Number of protein chains: 4
Amino acid sequence: MKDKRPKYKQIIDAAVIVIAENGYHASQVSKIAKQAGVADGTIYLYFKNKDDILISLFKEKMGLFVEKIEQQIEGKETAEEKLYALIEKHLALLAEDHHLAIVTQLELRQSNKELRLRINEVLKGYFLVLDQIIEYGIQRNEFRKELNTKVARNMIFGTIDEAVTTWVMNDQKYDLVNLSPSINELLIHGCGRS
Amino acid sequence: MKDKRPKYKQIIDAAVIVIAENGYHASQVSKIAKQAGVADGTIYLYFKNKDDILISLFKEKMGLFVEKIEQQIEGKETAEEKLYALIEKHLALLAEDHHLAIVTQLELRQSNKELRLRINEVLKGYFLVLDQIIEYGIQRNEFRKELNTKVARNMIFGTIDEAVTTWVMNDQKYDLVNLSPSINELLIHGCGRS
Amino acid sequence: MKDKRPKYKQIIDAAVIVIAENGYHASQVSKIAKQAGVADGTIYLYFKNKDDILISLFKEKMGLFVEKIEQQIEGKETAEEKLYALIEKHLALLAEDHHLAIVTQLELRQSNKELRLRINEVLKGYFLVLDQIIEYGIQRNEFRKELNTKVARNMIFGTIDEAVTTWVMNDQKYDLVNLSPSINELLIHGCGRS
Amino acid sequence: MKDKRPKYKQIIDAAVIVIAENGYHASQVSKIAKQAGVADGTIYLYFKNKDDILISLFKEKMGLFVEKIEQQIEGKETAEEKLYALIEKHLALLAEDHHLAIVTQLELRQSNKELRLRINEVLKGYFLVLDQIIEYGIQRNEFRKELNTKVARNMIFGTIDEAVTTWVMNDQKYDLVNLSPSINELLIHGCGRS
DNA sequence: AATGAATGAGTCTTCATTCAT
DNA sequence: TATGAATGAAGACTCATTCAT
């Protein structure tokens, strides 16, 4: 996980910036190399090919993402608290790194099908966290027993993801984290017993 | 809307098939032309450029999509009935045209940023329908007054969209329409008063 | 055989000139295209890839080569006359097209193994002609019965080929066709009865 | 000649193996370095550049080659005996080192023109031996006076070389040295008085 | 309106060579 | 001597678009 090779991270961070600013299709390897301050060929000492940069980028960033969210959730007692923490952290993490937000919400999705399948693999880690919260909520009687876990998980992810995408599409004009209470309320109502 | 030039529709339908079967990036203009049974150059008599095919495709198909959903909703009395009808029709329309489902859920999303902004324009028609249902529900006291319309709309769209994408990604192995009750229940709980 | 597409021949002839003047490795596709007076992309309307240009070049030229030699041989009565005609024509054909000579003797041989195997396929046509002369000579009692056809064929081809290569390597300073009698004498002695 | 630096020979031997097993074009400097057990940069302490490895390889191996053949010939009395000894040794030396055979017959020939000219320089040592045998044969009245030395030399070299190449191309399936008598007979007939 | 041959700009990747250590 | 990480030049090929017919 802790890749001490400084150029590895250097290149990934450069890729995030270049892709966010130019879009996926206009992000030539040479542009990323320039931004990273290395030669074109150096990229290929750390990555197999261009797609590998994107997959690694997503793995690296998503790994941290899930890690941080898990930390946030850990202490919380109720499923509702956990869900709220997750929503807030999800929004906060993307709000504070708008380059990353653009890349994950817009640019990475225009990669080819194979790449997206690989990305989905990585997403499974996040889905796992969601599933655990839902099941925890059902156990604790906070959420309805009849809840279809898979559909509920899709709702939660779809709702948050759609909120972020809309925010990115609107040029991040408003405060994304402020949406947390509304989203949480909706989702809690959606899953909750009352 | 009613373009009587038969080749216009012919080319759009060819594009849906070619993109669904080959993926966005492997869908060259020449392939679409061949599938449509016209010469490459003929494409440019009906469309400004390649992106214009895709935007027109989306406009054309999404227009029909919204139209059909509106027809479905019209007669319904309660907001809940309207929402259920919308969910069911949304799922049904994509379930019955798997080429279109692949194109809208996977392939069209890997177009460039500009194209996706244009696509979002078209989506606004759908969002309008959603907003009307939400406001109708609030008026009728079916939905909570405090509901943030925009967030609620994102939840509804995000949830349905995520469900369809998951279904497409899983090679349409199960019956998509069967998910309607679960989704509806979740969303109604999310918006509802109880 | 008679490819009426003018660009096909145009490109092959351009390739012969460019390769002869620059060497195989310095013969970029763009250089061949320029020499042929077409765009780079046009090359790929007529040839699958760069190697295909070389294979086609060799097939085309070698086809004519064998054809012309066969014509020359046809009328001759004795094996010795046939052999002499073959030697003379082989030398004459390459002497009168020094670009082609450079390409066949030097440049084409530095292609990769796969390409050379393909080239060998084409050479088989020439070997067949040689084998027929040898067997004809044995039948007519001009050549020794014990002659190992394969070894004899290699000797004939190896001797002529080596003579041409030496001539090319020496910048074609002397008259190649003048070697015919000497070569013929050697080969006839090699195969002959006396 | 006697380079005591062990790495010099080490690298040359590595080059023979790598080129024989991977082909000329897939024999990167780094691969040769790895096979030799040294770092990439070390290569450049012993060789000026990549071509220099190949030329040195050829010089080194061809030097030994000619040396061994000269030893073989020395004791023989007649030109015919000398020629037979040369043919047999030539075939034997390549038959017993198939890596070297592949490299000399196939891979080294796809080097660039300049390199091949340098290789031809080295070959001159071998041609000298051939010329001496031919002249010796003429002096001794074994060979015809009228013999064109250069053409005869080309015949001898071309015939043997073609035999080896054919053998290598056929994956060394048969015993190469067994061809010696047939080849010798042909060449003796070619040069001889009878 | 329709054709389809021709165009040519644009980019990922390899690998011989260097040089700081 | 020896290392090996870093360099960066170079080139085959694709495909959206045009235009003469």
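Note that the structure is a prediction, hence the values are computed from the model and not measured. All chains are named by letter (A, B, ...) in the order of the sequence lines, taking the proteins before the strands, and each is independently numbered beginning at 1. The figures that follow rest on heavy atoms only: side chains count, while hydrogens, waters and symmetry mates do not.
In this structure, NE2 of C/H25 is placed 17 Å from P of E/dT14, rounded to the nearest angstrom. At whole-Å resolution of the value, CG in D/D51 and P in E/dA16 are 10 Å apart. Between the CG atom of B/L45 and the P atom of F/dT18 there is a distance of 11 Å, given to the nearest Å. What separates CD1 of D/I32 from P of E/dC15 is a distance of 12 Å, to the nearest Å. The CZ atom of C/F47 sits 18 Å away from the C1' atom of F/dT14 (whole-angstrom rounding). One can place CD of B/Q28 at 10 Å from P of F/dT14, the figure rounded to the nearest angstrom. Rounded to a whole Å, the NZ atom of A/K50 is 15 Å from the P atom of E/dG10. C/Y8 has its OH atom 15 Å from the P atom of E/dA6, to the nearest Å.
Taking the ring-ring contact (aromatic ring centres under 6.0 Å, His included) definition, one finds that A/F58 meets it with nothing, sequence neighbours left out. Residues passing the salt bridge (charged side-chain N to carboxylate O under 4.0 Å, His left out) test with B/D40: none are found, sequence neighbours excluded. Remark: B/Y44 engages no residue in a ring-ring contact (aromatic ring centres under 6.0 Å, His included) (not counting sequence neighbours). Contacts of B/D161 classified as salt bridge (charged side-chain N to carboxylate O under 4.0 Å, His left out), with partners at least two apart in sequence or in another chain: B/R109.
Of the residues in residues 34-44 of chain A, A/V38, A/A39, A/G41, A/T42 come within less than 4.0 Å of DNA chain F through at least one heavy atom, sorted by number.
At distances below 3.5 Å, at least one donor-acceptor pair connects side-chain atoms of C/E107 with backbone N or O atoms of C/Y24. Distance alone, capped at 3.5 Å, places no donor-acceptor pair between the B/N120 side chain and the B/L123 backbone. At least one donor-acceptor pair closer than 3.5 Å links the side chain of A/K50 to the backbone N or O of A/S27.
At the phosphate of E/dA2, OP1 or OP2 sits under 4.0 Å from a side-chain N or O atom of B/Y46.
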Only Watson-Crick and G-U wobble pairs with both distances less than 3.5 Å should count. Give DNA chain F in dot-bracket notation, marking inter-strand partners with |.
.||||||||||||||||||||

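What you find for B/I11 and B/Y46 is that their closest heavy atoms are CD1-CD1, 4.1 Å.
Among E/dA2, F/dA16, E/dA16, the nucleotide with an atom closest to any side-chain atom of B/K7 is E/dA2.
Along DNA chain F, the nucleotide nearest C/A26 and the nucleotide nearest B/V29 are compared for position; the residue whose nucleotide lies closer to the 5' end is C/A26.
Looking at C/E60 and C/K9, their side chains come closer than 4.5 Å, going by heavy atoms from C-beta outward.
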